[in-house]
Amino acid sequence: MSEGKNKPKYNRIAQLKTLEQFKEYLFKEGINLPLPNQPLSGKQTPLSKGHRLRSGRLIGNSFCILPMEGWDGTTDGKPSEHTLRRWSNFARSGAKLLWGCEAVAVRHDGRANPHQLLLNEENLKDFEGLYNLLMSEHQDAFGSTDDFLVGLQLTHSGRFSKPNHQDKMEPKILYPHPFLNQKFGLPEDYPVMTDAEIKTLVDDYVKAAVLAQKAGFHFVDIKHCHGYLGHEFLSAVQREGDYGMSMENRSRFLREVVNGIRAKAPGLDIGVRVSIFDWMPFQKSEDGTGVPSMKSPYPFAFGSDSSGVNINLLEPYDFLKILQKLDIELVCTTAGSPYYNPHIQRPALFPPSDGYLPPEDPLHGVARQIDVTGKIKKAFSDFYVVGSAYSYLQEWLPMVAQEVLLRGLADSIGLGRMVLSYPELPDDVLSGKGLKRQKLCRTFSDCTTAPRNGMISGCFPLDPYYKQMEIHEELKKIKES
């Protein structure tokens, strides 16, 4: 799906040249985004504020790099030259918190693609090399790593596992989903993971966390977002046994993993990135716009009411209270899933090749995540809360981020797609250099379309490294078709 053939229904951010024009557009569209009257830069901006965790570790500013897979590791789960370049960019970005850099599978059958990184004994030296690369690159760029916090995101891809072939899913599911089973070609009687298999997986997470600590990483994220296995536990309301129905049971997997890590890797910090709300799956309508794929009542959306398209934070609050009891401080909020409702997860004007046109101005999606994250921060002040969905703001990202922090709506601003095209944005903002507009991510979604079609991920429109690759021409043809 190309941006040329599908003219967007909504204004492009780049067309809103002044703050007044931006504010007028937001008012006209009924979009409530926090904006200051006067932008701040350099040491004046709250983005320069640091934080000391309860463990004593220091985060030097309020920028965070979110985990983004490159689909560019080796088939045995080691980093490639593409991986090393991406991680090096993150280390030199100026952000003082790296939330894992990318999702790392805890075992082979949980890989989202045959090139996803895999943490095991055989690959430990390679992960030590990745950690040392981050430290040396950050030291070289900024003179110190004393306030640089680096984590590793641990995952099992569950329903979306493709460990052996780019075009063959090998799902591990917790319950049969009436739409997702059908969409991805699973029969109604496709087997679900047993409680015994889940207990074995808990052990695999703990083993991976121990290895992450040995490699040098400061914390691990137990991924609970975007439709992957950790997230699917939260919606397993019809699953029987120890891991379904009640919130106590649906959070049992996380509790067992955390308790195992605390026992086997003492001193390792733990974070959780969670889709704090979810909606029912959307699908492409006749005109290409996304529409709900099912009728209500819809029971499987953690953080939604029975309509499946409205937020209800009652259960997310219960889940966050469990995190409090586990003495977890690092929480990163996101929403939905890139596989079935991407417009609420990563707002974009141009969808990937297997997506749909946004059913709303993407700024609504940005505002929705900022609002919910703000509610979480107000209700749970002891969390260090990292927010997501900022890339679509483009020119206005630093100003909105500044106001979010000033109003106490988050502690840290998470950047994803933006740092694929413009990795040094945090440093440019914090040093007062101003933005390089030509490098701003315009959410053309090539970084998603490419891996959806078996290629590596990267910013093909704006990063010369990817732009000159032969597969760029192939990617253009896929988008045009």
Side-chain angles (χ1 to χ4, degrees), residues 1-16 22 24-33 160 167 177-185 226-227 275 277-298 300-301 304-311 334-369 389 391-394 417 441-455 460-461 474-481:
M1 189 175 291
S2 74
E3 59 269 19
K5 287 191 173 185
N6 294 276
K7 187 176 180 181
K9 299 178 182 179
Y10 310 106
N11 276 26
R12 297 192 189 203
I13 300 290
Q15 295 171 335
L16 305 170
F22 188 50
E24 286 174 9
Y25 181 75
L26 293 175
F27 180 78
K28 182 182 72 144
E29 297 295 322
I31 300 168
N32 184 22
L33 276 174
F160 303 107
D167 57 355
H177 189 288
F179 178 79
L180 295 179
N181 274 37
Q182 179 186 19
K183 178 178 180 179
F184 295 106
H226 300 165
S275 284
F277 66 90
D278 195 10
W279 285 359
M280 70 167 62
F282 275 56
Q283 62 187 3
K284 188 189 297 184
S285 64
E286 288 186 5
D287 70 356
T289 304
V291 295
S293 62
M294 303 175 67
K295 293 181 179 179
S296 57
Y298 179 76
F300 305 113
S304 170
D305 63 16
S306 62
S307 72
V309 291
N310 288 307
I311 295 169
T334 178
S337 167
Y339 294 97
Y340 55 79
N341 50 25
H343 75 282
I344 69 166
Q345 183 247 334
R346 52 178 178 212
L349 203 56
F350 306 105
S353 61
D354 62 345
Y356 50 78
L357 292 170
E360 61 183 5
D361 189 306
L363 288 167
H364 281 289
V366 178
R368 186 181 296 118
Q369 286 205 45
S391 288
Y392 185 72
L393 291 167
Q394 299 166 47
R417 298 162 292 171
C441 170
R442 300 299 181 182
T443 66
F444 292 137
S445 294
D446 290 48
C447 56
T448 302
T449 294
R452 288 283 199 270
N453 288 275
M455 306 175 194
F460 289 87
E474 183 182 348
L475 181 60
K476 288 179 182 177
K477 291 176 183 177
I478 291 171
K479 292 177 67 178
E480 289 170 358
S481 66

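Atoms considered below: every heavy atom in the structure, side chains included; atoms not considered: hydrogens, waters and symmetry mates. For the single chain, residues carry numbers from 1 onward in sequence order. Nothing here was measured: the structure is a model prediction, and the numbers come from that model.
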Is Asp305 atom CG crowded by more than 12 heavy atoms from other residues, nucleotides or ligands, each under 6.0 Å away? yes
Closest non-hydrogen atom pair, Pro281 against Leu180: CG-CD2, 4.1 Å
Interatomic distance, Phe179 atom CZ to Phe300 atom CZ [nearest 0.5 angstrom]: 13.0 Å
State, to 0.1 Å, how close Pro292 and Gln283 come at their nearest heavy-atom pair, and which atoms those are. O-NE2, 4.4 Å
For Asn310, give me all partners under side chain to side chain donor-acceptor pair (under 3.5 Å), at least two apart in sequence or on another chain. Ser307
Residues passing the side chain to side chain contact (heavy atoms under 4.5 Å, CB included) test with Ser296, sequence neighbours excluded, are none
Residue set satisfying side chain to side chain contact (heavy atoms under 4.5 Å, CB included) with Cys447, at least two apart, ordered chain then number -> Arg417, Leu420, Ser457
If the condition is side chain to side chain contact (heavy atoms under 4.5 Å, CB included), which residues does Gln182 pass it with, not counting sequence neighbours? none
How would you list, by chain and number, every residue that makes a ring pair (Phe, Tyr, Trp, His ring centres under 6.0 Å) with Phe22, sequence neighbours excluded? Trp396
Arg442 and Phe350 have their tightest heavy-atom pair at O-CD1, 4.1 Å
How would you list, by chain and number, every residue that makes a side chain to side chain contact (heavy atoms under 4.5 Å, CB included) with Glu474, sequence neighbours excluded? Met455, Ile471, Ile478
Let me check something: any side-chain donor-acceptor pairs from residues 337-344 under 3.5 Å, sequence neighbours excluded? List them with distances.
residue, atom, partner, partner atom, Å
Ser337, OG, His226, O, 3.0
Ser337, OG, Tyr339, N, 3.0
Tyr339, OH, Tyr228, OH, 2.9
Tyr340, OH, Asp278, OD2, 2.7
Asn341, OD1, Ser337, N, 2.7
Asn341, ND2, Asp278, OD1, 3.0
Asn341, ND2, Trp279, O, 2.9
His343, ND1, Tyr356, OH, 2.8

So Leu33 and Leu393, do their side chains get closer than 4.5 Å, heavy atoms only? yes
Atom NZ of Lys284 and atom CG of Asp354: how far apart are they, to the nearest 0.5 Å? 8.5 Å
Who passes side chain to side chain donor-acceptor pair (under 3.5 Å) against Ser293, sequence neighbours left out? none
Correct closest heavy-atom pair for Thr334 and Gln345 would be OG1-CG, 4.2 Å
Quick check: closest heavy atoms across Ser445 and Ala348, and the distance to 0.1 Å? OG-CB, 4.1 Å
Sequence-distant partners of Phe184, ring pair (Phe, Tyr, Trp, His ring centres under 6.0 Å), two or more places apart: Phe160
Does the Thr289 side chain pair with the main chain of Ser285, one donor and one acceptor, at a distance under 3.5 Å? no
Given side chains that start at C-beta, do those of Lys479 and Asp446 come closer than 4.5 Å, heavy atoms only? yes
Nearest-0.5 Å distance that lies between atom OG in Ser275 and atom CD in Gln369: 8.0 Å
Less than 4.5 Å apart, side chain to side chain, heavy atoms only: is that true for Tyr392 and Leu349? yes
Listed pairs under 3.5 Å, donor-acceptor, residues 357-364 side chains, sequence neighbours left out:
residue, atom, partner, partner atom, Å
Glu360, OE1, Arg368, NH2, 2.8
Glu360, OE2, Arg368, NH1, 3.0
Glu360, OE2, Arg368, NH2, 3.4
Asp361, OD1, Leu363, N, 2.8
Asp361, OD2, Tyr25, OH, 2.4

